[in-house]
Amino acid sequence: MQPKFIIVTGGVLSGLGKGTAAASIGRLFLNGNKIMPIKCDGYLNVDPGTMNPLEHGEVFVLDDGGEVDMDFGHYERFLDVDCKSSWSITSGKIFNRVISNERKGKYLGKTIQIFPHVIDEIKEWIFELVDQEQPDIVLIEIGGTVGDIENRWFVEAVRQLKKIVGKHNTAYVHLTYIPFLDSVGELKTKPAQRDIALLHEVGITPDVVICRGKDPLTKKIKEKLALFGNIDPSNIISGHDVDTIYDLPIIYYREGLADTLSHKLRLAHQVELTKWQQLTQNIKRPSRKVTIALCGKYTDLQDSYASVIEALHHAGAHNGVGVQLKWIETTDIETGALSVQQALDGVHGILVPGGFGGRGIEGKIALVKAAREQRVPYLGICYGLQLAVVEFCRNVCGLQGAHTTEIDPSTVYPVIDLLPEQRGHVIKGATMRLGAYEAVLEEPSQVKSLYDTPIAKERHRHRYEVNPVYHDVLREHGMVLSGMSKNGRLVECIELKGHPYFIASQAHNELTSRLEKPNPLFFGFIKAASEEESLKGK
Ligand code: GLN
């Protein structure tokens, strides 16, 4: 069956939230349709795995181990779909393929050029995915802004798509920006007009324009922009600022976006947002709030913890509580600028997320110790598990100086270490455990009751592991290794008996959390934090 293509481009400036916009458009069509999101990114890295999170935001990891742009997180959270790494198309991947094809003689003596070879390769890639996945709707987001030199081939490829699959199977949605100019007290459409003109120049007439901006668009502004952009005013959608990103599908729906696109694509469709709307209300207007201390080192850049933050909100929505974050820069604990007790003041749960390197980790360990001793709900993610093991070994098992060899390679007690079977690979550099792995859950355990399945499957992105030499020492001192790999070598989850909630996971559980399906360990954590809140409130 011929799928429908919805193509999302952006203009004026980056950071307008094109990923959430694309995911929200998809969400409107989820009912009864299989949606395949594809993201095209202009950079020459094959994937963002090697990029600094401060520059690029969080690296999202898929079931198949693909390291992809954080927009895939939005797609999965909104569309409840397990994406594949081949759905992420970068210039790096395309150029790699073109050059290797050239070496293999695919082009029979031709001069290899951007037009047509690179563009053809992009289209081929997309149609291969369509053949494999047989989606009803293909949602293609083009990274960056129209006019960027590095996205030019992607924009041209999606322009050509309409010629191939027909006008009733293609819809172009463009996200633009309408600034409010304080000095004149007006919304200004000129940047958007220029932006739409640029889109016309490259041969695309948008079917829908979504206007980002602080406030809802007025009828007058819609009409003005419609006139300049040669679009029907009803196809200009207000994409104003919202309290939570989960409001976007609702706003787009009210603005008539689903109807416009259904009509354009000849798609009989019923939007279903009842449960979604209820959960969104819980996030926006909770009757109670819990405060979670998020302890890290990139605390100045929320994008590096995007999925953790979303997972907390999902868990809050399902527990009927709002989640408020208290950012703890753990280097401040080390320098004494912030005491542990100050950090915990007003806090109902402590979360140590994933991380790399030594900066701030003694501060994290001090917070883990406080969580354990003062019975504050604790959730450790990846590094947060490793540091909980280090703390427990040092302070409960009596292994003074225990450490992870990532930080102290010559520690006497290497309780977190590279496994001997990994060492050979270190030299080759391919050392990360990436993607989904299964954990066999201990019965009885808190983790087992939260998952309510014998096996949990979560995604990983790390090098180090709990050293198997210490498994028994940990057990003997009362730590429950509540999730283990099938062969018993890898610790996947730990917990402490008798503690209201002290659970950590070697995986990144935040990556599988979705608004309509929160991750069990996040759900349990917020439940425990909300119980802590009611206790403290009394
Ligand atoms: N630095 C640790 C490791 O490489 C943890 C990584 C993480 O938290 N993602 O194993």
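When a ligand or atom number is given, it counts from 1 through the structure's own listing order.
- Between Ile328 and Ala293, the shortest heavy-atom distance links the atoms CG1-CB, 3.9 Å.
- From the protein, the heavy atom lying nearest to atom 9 (N) of ligand 1 is Arg461 O, 2.8 Å.
- Ring geometry for His314 against Tyr246 counts as perpendicular: the plane angle is over 60°, on a 0 to 90° scale with 30° as the lower cut.
- Among all heavy-atom pairs drawn from Leu521 and Leu450, the shortest one is CD2-CD1, 4.0 Å.
- With respect to Glu133 and Lys34, a salt bridge is recorded, a charged nitrogen being found less than 4.0 Å from a carboxylate O.
- For the residue pair Ser482/Glu495, the side-chain donor-acceptor check at 3.5 Å is satisfied.
- Arg461 and Glu58 are not joined by a salt bridge, as no carboxylate oxygen comes within less than 4.0 angstrom of a charged side-chain nitrogen.
- Looking from atom 7 (C) of ligand 1 to the surrounding protein, the closest heavy atom is Cys382 SG, 3.0 Å.
- Among the atoms of Phe356, none of the N or O lies under 3.5 angstrom from an N or O of ligand 1.
- Considering only non-hydrogen protein atoms, atom 1 (N) of ligand 1 sits nearest to Glu406 OE1, 2.6 Å.
- Of all protein heavy atoms, the one closest to atom 5 (C) of ligand 1 is Gly355 O, 3.3 Å.
- Note: His462 and His460 have tilted aromatic rings, judged against thresholds of 30 and 60 degrees for the angle between ring planes.
- The protein non-hydrogen atom at the shortest distance from atom 4 (O) of ligand 1 is Arg463 N, 3.0 Å.
- In this structure, His508 is part of the shell of residues with a heavy atom less than 4.0 angstrom from ligand 1.
- Nearest to atom 10 (O) of ligand 1 among the protein's heavy atoms is Tyr464 N, 2.7 Å.
- Counting the atoms of ligand 1 from 1 in the order shown, those under 4.0 Å from a heavy atom of Gly354 are 8 (O).
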